[in-house]
Amino acid sequence: MIATSDLVVPKEFLVSAKMSEREMLIDLAAHLYATKKLTMGQAKRMAGLDQISFQKELAKRDIYLHITFEDVMQDVETLRRLIK
């Protein structure tokens, strides 16, 4: 059973879904990221994974990264500051 102070998933659902607690948590985090309800940082923390591992899990599920023009421009500015 997944149990947190906020969420409890009865074991019967894990058995029915043929999933481990970890698999269900990763699936839930990926879904919440895909539907833009969680940011990448929030979703990877929820899944208990590092950035690369979470991105690999997203790729397995054909979920693409949400990158905006503003994100790219912010990254460019960060790189400019780093190379000076």
Interatomic spacing from CD in Gln55 to CD in Gln51 - rounded to 0.5 Å: 4.5 Å
Side-chain heavy-atom pair Ile26, Arg61 within 4.5 angstrom cut-off: yes
Leu49 vs Arg22 side-chain heavy atoms within contact, under 4.5 Å: yes
Leu32 with Met40, same ILVMFWY side-chain cluster at under 4.5 Å: no
Ring geometry between Tyr33 and Phe54 (parallel below 30°, tilted from 30 to 60°, perpendicular above 60°): perpendicular
Side chain Asp71, main chain Thr68, donor-acceptor under 3.5 Å: yes
Nearest-0.5 Å distance that lies between atom CG in Leu58 and atom CD1 in Ile63: 5.5 Å
Atom pair NZ (Lys37) and CG (Leu28), whose distance is rounded to the nearest 0.5 Å: 10.5 Å
Heavy-atom closest pair, residues Lys36 and His66: CE-ND1, 3.3 Å
Flag, side chain of Glu77 to backbone of Gln74, donor-acceptor distance under 3.5 Å: no
Distance in Å, Leu14 CG paired with Glu21 CD, rounded so as to fall on 0.5 Å steps: 6.0 Å
Heavy-atom donor-acceptor pair, Arg80 side chain to Val76 backbone, under 3.5 Å: no
Close side-chain approach of Asp27 and His31, heavy atoms under 4.5 Å: no
Worked check of side-chain contact (heavy atoms from CB on, under 4.5 Å) between Lys44 and Asp50: CA-CA 6 Å; Lys44 72 179 182 163; Asp50 61 62; over 6 Å; no
Cluster overlap Met73 with Ile67, hydrophobic side-chain contacts below 4.5 Å: no
Heavy-atom closest pair, residues Met24 and Ala17: CE-CB, 4.3 Å
